[in-house]
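Here the structure is laid out as structure tokens; the discussion comes afterwards.
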Amino acid sequence: MAVLDPNILSVMGLRKILQDVMPVMEVVSFATLQEMLNDKPDSFVHYFVNVNIFLQNRQFFEERNRKTIVLTNSYEQGLQLAGVKTLCVNVSEREFIHSILSMQQRGHGNTHMPQMAQAGRKMLTAREVEVLVKVVEGYINKEIADLLNISITTVISHRKNITEKLGIKSVSGLTIYAVMNGYVDVNRI
């Protein structure tokens, strides 16, 4: 996957999110279209493109419309780009993750975005899955303990085991894992 954006902070954040969503995919970043053109541009599965780069090079990306996802600053800006897949970047992390996962679940990614690799990962116990689902749904440890009739210490222990088994520490990463592995429907988050 290619990320085209001159803002290094945006690129770093998006790269991390995309690598969490699709860990088997390589994410390469470019500040300009010319940089990407020097690196086999048609070999990339998707282009996540800053709206300004898209507008300056519209013909190139429209010819690759199925692979292009434009990163917009507002939903209104996205509406102005009719016929182009857009993601608004000025939203909460949770909403942005939800948008990416919704795009994947709607079938956009079924042929392009691989499922999360399970190689080398230990399977979660049934109780760990229950705790994972509650974490993803936004419950805090005390609420999870009350809902599952277990102690807060047990919840904390399960969360520690989950992060160790999966190697995922952030709630957004756990959300991605849970959705991609069918534990939670993207519409429930």
Side-chain angles (χ1 to χ4, degrees), residues 1-117 136 167-182 184-189:
M1 282 191 266
V3 176
L4 287 92
D5 195 327
N7 182 325
I8 189 64
L9 293 176
S10 297
V11 168
M12 290 171 62
L14 183 56
R15 181 185 301 143
K16 172 70 172 117
I17 291 169
L18 292 173
Q19 288 173 334
D20 284 346
V21 173
M22 297 157 275
V24 297
M25 298 293 280
E26 180 183 4
V27 180
V28 182
S29 59
F30 305 97
T32 66
L33 177 63
Q34 189 58 50
E35 285 180 22
M36 188 182 75
L37 291 174
N38 295 334
D39 191 16
K40 301 177 189 169
D42 288 318
S43 67
F44 296 104
V45 174
H46 288 293
Y47 310 110
F48 286 84
V49 185
N50 168 287
V51 66
N52 294 326
I53 293 175
F54 173 82
L55 292 172
Q56 292 167 359
N57 305 281
R58 194 171 190 132
Q59 182 178 353
F60 174 87
F61 293 109
E62 284 182 344
E63 290 172 2
R64 293 155 182 86
N65 188 37
R66 293 178 45 85
K67 299 170 90 173
T68 301
I69 301 164
V70 180
L71 305 171
T72 64
N73 295 316
S74 67
Y75 288 113
E76 291 79 29
Q77 196 174 34
L79 292 174
Q80 294 172 1
L81 298 171
V84 178
K85 289 180 257 350
T86 62
L87 283 174
C88 182
V89 296
N90 288 334
V91 294
S92 69
E93 179 182 7
R94 186 174 195 88
E95 191 173 341
F96 187 74
I97 298 290
H98 184 273
S99 296
I100 290 175
L101 293 172
S102 292
M103 186 178 291
Q104 193 272 340
Q105 262 193 348
R106 281 193 307 260
H108 175 73
N110 287 347
T111 59
H112 298 295
M113 296 182 183
Q115 296 297 313
M116 294 190 80
V136 168
I168 302 171
K169 293 181 172 71
S170 69
V171 174
S172 62
L174 292 172
T175 301
I176 292 164
Y177 175 86
V179 171
M180 301 277 300
N181 287 280
V184 177
D185 185 288
V186 72
N187 296 317
R188 287 182 51 196
I189 58 173

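As the structure is a computational prediction, the values presented were derived from the model and not from experiment. If you read the sequence from its start, that first residue is 1, and numbering goes on from there.
- Taking 4.5 Å as the limit, every side-chain heavy atom of Val28 sits out of range of all side-chain heavy atoms of Glu35.
- At distances below 3.5 Å, not a single donor-acceptor pair connects side-chain atoms of Lys85 with backbone N or O atoms of Lys67.
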Using the rule given for side chain to side chain contact (heavy atoms under 4.5 Å, CB included), can you reason through Ile168 versus Ile176, listing the C-alpha separation, both sets of side-chain angles and the distance that settles it, and then say yes or no? CA-CA 10 Å; Ile168 302 171; Ile176 292 164; over 6 Å; no
Should Gln56 and Asn52 be marked as a side chain to side chain donor-acceptor pair (under 3.5 Å) after you check the CA-CA gap, both sets of side-chain angles, and the distance that decides it? CA-CA 6 Å; Gln56 292 167 359; Asn52 294 326; over 6 Å; no
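- Contact check for Leu81 versus Phe54: side-chain heavy atoms found under the 4.5 Å cut-off.
- If you run side-chain contact (heavy atoms from CB on, under 4.5 Å) between Phe44 and each of Met1, Met36, Glu26, only Met36 comes through.
- The side chain to side chain donor-acceptor pair (under 3.5 Å) check on Glu95 picks up Tyr75, with sequence neighbours excluded.
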Given the rule in the side chain to side chain contact (heavy atoms under 4.5 Å, CB included) test, do Val49 and Asn57 qualify, once you have shown the distances and angles that lead to the verdict? CA-CA 10 Å; Val49 185; Asn57 305 281; over 6 Å; no
Using the rule given for side chain to side chain contact (heavy atoms under 4.5 Å, CB included), can you reason through Leu4 versus Phe61, listing the C-alpha separation, both sets of side-chain angles and the distance that settles it, and then say yes or no? CA-CA 11 Å; Leu4 287 92; Phe61 293 109; 4.1 Å; yes
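- Within the model, atoms CZ of Arg58 and CD of Glu63 stand 13.0 Å from one another, a figure rounded to the nearest 0.5 Å.
- Heavy atoms only, all atoms of each residue included: Asn73 and Asn90 are closest at O-ND2, 2.8 Å.
- Atom-to-atom distance recorded for Phe60:CZ and Thr68:OG1 is 7.5 Å, nearest 0.5 angstrom.
- Between Ser172 and Ile97, the closest heavy-atom pair is CB-CG1, 4.1 Å.
- Shown here are the salt bridge (charged side-chain N to carboxylate O under 4.0 Å, His left out) partners of Arg15, two or more places apart in sequence or in another chain: there are none.
- Only one option out of Val3, Val11, Asp39, Leu37 pairs with Phe30 in a side-chain contact (heavy atoms from CB on, under 4.5 Å); it is Asp39.
- Across all non-hydrogen atoms, the minimal contact from Leu14 to Leu71 is CD2-CD1, 3.6 Å.
- Put simply, CD1 on Ile69 and OG1 on Thr86 are 9.5 Å apart, with the number rounded to the nearest 0.5 Å.
- Distance alone, capped at 3.5 Å, places no donor-acceptor pair between the Asp5 side chain and the Asn50 backbone.
- When the ring-ring contact (aromatic ring centres under 6.0 Å, His included) test is applied to Phe96, no partner is found at least two apart in sequence or on another chain.
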